[in-house]
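Given the structure is predicted, the values throughout are model-derived calculations rather than measurements.
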Amino acid sequence: MQDMETTPFPPIISVDDHTVEPAGVWQDRLPRKYRDAGPRIVRAPLKEMTFLGGRFKPVMGTPGADEGPLGDWWVYEDLHRPLTRLDTAVGYARDEVRLEVITYEQMRPGSYDVPARLADMDVNHVQSAVCFPTFPRFCGQTFTEAADKELALLCVRAYNDWMVEEWCGPAAHGRLVPLTLVPLWDAGLAAREVRRNAARGVRAVAFSEIPPHLGLPSVHTDDWDPFLAACDETGTVIAMHIGSSSRMPSTSADAPPAVGSTITFANCCFSMVDWLMSGKFERFPNLKVMYAEGQIGWIPYILERADVVWEENRGWGGVADKVRRPPSELFAEHVFGCFFDDAFGLRNLDAVGVGNVLYETDYPHSDSTWPKSREVGEAQMGHLPADVVERIVRGNAIGLLGLAPDGLWRG
């Protein structure tokens, strides 16, 4: 068996990167009558912005009237959401990354431009990448919260068309792997959108880690069954990013962002227990879920505890009639943890499962390991056999996302 001292580090397939949508995504695709109401970019000053207790609250000033640093803002219904340095921090020193508004000209072009993205992937030893959205938020909460649901549905479909046809289109050469959205407010429409995109080769869809935080049903209900059935039938992976419940973990309203940043995995932890105790994996045997940016070091204890609760307390715990196998067995068959910097988790890989781990780079966010993702991987995986590293860095992603053997998306 080869070791990593004599084997080159394999080309990375990152299952969690991000795209900053170009200004024309919706203006170019919505029917003309909706363009004035649909998402659009306005350059305006920042009036006020706070980020405390896991809550981000920006206030847009009036262009030409108010003073303040200029930024590009997405405007949609009553929402005013600026582009920020936290959206695209790569290329900046850590101490230069602050909570501030920016324009497109002030970000690295790879954030929104396909050729520039591929060039930055080359620099970082990344072959292929799955990208979560920015303005729609990590599972399309922006459109779920909108008042006009007819327009919101058109916005979801327009985003998906852009994602498949342009971001992951011919110019990407199969190196960008599509991740689509669904209208979360209607499970039947969501199922239809899953099937529409699966028909053109999409095998991943964004979903909320904790839907009740969005005012939606939990996974313990039957409400999501049409959506889950569509994912089960088409082999579409349910991808849940930290923060996809619009509520980052925190401890108090005045806790600084560093508190939430330290415990970002917590929502993934809560969510995974929900899924393991929901009975959905037994009802939908082909279902697969992944936790983007959740890291993996916390997983072994949760599995141990879940198995104890299932063994000793299932009679009164409300799961005896729907969870008929130990949660750790369900995890091994259905759940994938994603990490970009987790030396502890890699030292305990046997307790997580070699087949249940995926690698990511988080480009272009402030936590990203770009342009040193290879070096970080080599340092943290140096004790592992080469075949195990191959699975973590690319092999598991190829199998999960239905990529070609060479790691490219072929639709």
Inset, instruction - Output yes when a side-chain donor or acceptor of Lys372 lies under 3.5 Å from a complementary backbone atom of Gly377, and no otherwise. - result: no

Legend entry - Contact check, side chains of Glu21 and Pro39, non-hydrogen atoms, under 4.5 Å: no

Legend entry - Nearest non-hydrogen partners of Gly294 and Phe265, listed with the distance: O-CB, 3.3 Å

Inset, instruction - Grab the two heavy atoms, one from Pro82 and one from Val101, that are nearest each other, plus how far apart they are. - result: CB-CG1, 3.6 Å

Inset, instruction - Take Arg196 and Asp161 through the test salt bridge (Lys or Arg N to Asp or Glu O under 4.0 Å) and record every step on the way to the result. - result: CA-CA 10 Å; Arg196 182 175 83 94; Asp161 290 344; 3.1 Å; yes

Inset, instruction - Take Tyr359 and Phe339 through the test ring pair (Phe, Tyr, Trp, His ring centres under 6.0 Å) and record every step on the way to the result. - result: CA-CA 5 Å; Tyr359 199 42; Phe339 78 99; 5.2 Å; yes

Legend entry - Residues forming a ring-ring contact (aromatic ring centres under 6.0 Å, His included) with Trp26, sequence neighbours excluded: Trp74, Phe135, Phe143

Inset, instruction - May I ask you to decide if Val177's main-chain N or O and Arg203's side chain share a donor-acceptor pair within less than 3.5 Å? - result: no

Inset, instruction - Could you tell me the separation between the CD atom of Glu293 and the CG atom of Asp367, rounded to the nearest 0.5 Å? - result: 5.5 Å

Inset, instruction - Check the angle between the aromatic planes of Tyr159 and Trp162 and answer parallel, tilted or perpendicular using the 30° and 60° thresholds. - result: tilted

Inset, instruction - Verify salt bridge (Lys or Arg N to Asp or Glu O under 4.0 Å) between Glu165 and Arg200, making sure each step is shown before the conclusion. - result: CA-CA 10 Å; Glu165 297 166 7; Arg200 47 185 175 174; 3.2 Å; yes

Inset, instruction - Measure the shortest side-chain to side-chain distance between Lys280 and Asp222 over non-hydrogen atoms and say whether it is less than 4.5 angstrom. - result: yes

Inset, instruction - Of all the heavy-atom pairs spanning Ala191 and Pro226, show the shortest one and how long it is. - result: CB-O, 3.3 Å

Inset, instruction - Would you confirm whether Ser368, through its side chain, and Thr361, through its main-chain N or O, come within 3.5 Å as a donor-acceptor pair? - result: yes

Inset, instruction - For the pair Arg43 and Glu105, find out whether any cationic side-chain nitrogen is under 4.0 Å from an anionic carboxylate oxygen. - result: yes

Legend entry - Under-4.0 Å salt bridge between Glu193 and Arg157: yes

Inset, instruction - Could you check if a side-chain atom of Trp275 sits within less than 4.5 angstrom of a side-chain atom of Ile238, using non-hydrogen atoms only? - result: yes

Inset, instruction - Quickly, which of Ser245, Ser271, Ser246 forms a side chain to side chain donor-acceptor pair (under 3.5 Å) with Glu209? Name it, please. - result: Ser245

Legend entry - ring pair (Phe, Tyr, Trp, His ring centres under 6.0 Å) contacts in which one or both residues fall within residues 94-119, not counting sequence neighbours: Tyr104-Tyr112

Inset, instruction - Apply the test salt bridge (Lys or Arg N to Asp or Glu O under 4.0 Å) to residues Arg283 and Asp225: give CA-CA distance (whole Å), side-chain angles for both, the deciding distance (0.1 Å), then the verdict. - result: CA-CA 9 Å; Arg283 290 189 57 198; Asp225 284 5; 2.7 Å; yes

Inset, instruction - Return yes if a side-chain donor-acceptor contact under 3.5 Å exists between Gln380 and Asp341, otherwise no. - result: yes

Legend entry - Gap between atom CG of Leu83 and atom OG of Ser111 - 0.5 Å precision: 9.5 Å

Legend entry - With His18, the ring-ring contact (aromatic ring centres under 6.0 Å, His included) member among Phe138, Trp370, Tyr363, Trp167: Phe138

Legend entry - Nearest heavy-atom neighbours spanning Ser218 and Thr221: O-OG1, 2.9 Å

Legend entry - CA sep, side-chain torsions, deciding dist, call: Asp232, Lys288, salt bridge (Lys or Arg N to Asp or Glu O under 4.0 Å): CA-CA 8 Å; Asp232 180 79; Lys288 300 286 192 295; over 6 Å; no

Inset, instruction - Applying salt bridge (charged side-chain N to carboxylate O under 4.0 Å, His left out), name anything that partners Arg325, two or more places apart in sequence or on another chain. - result: Glu329, Glu333

Inset, instruction - To the nearest 0.5 Å, tell me how far Asn160 CG sits from Arg29 CZ. - result: 11.0 Å

Legend entry - For the student: nearest non-hydrogen atoms of Leu70 and Pro45, plus distance: CD2-N, 3.6 Å

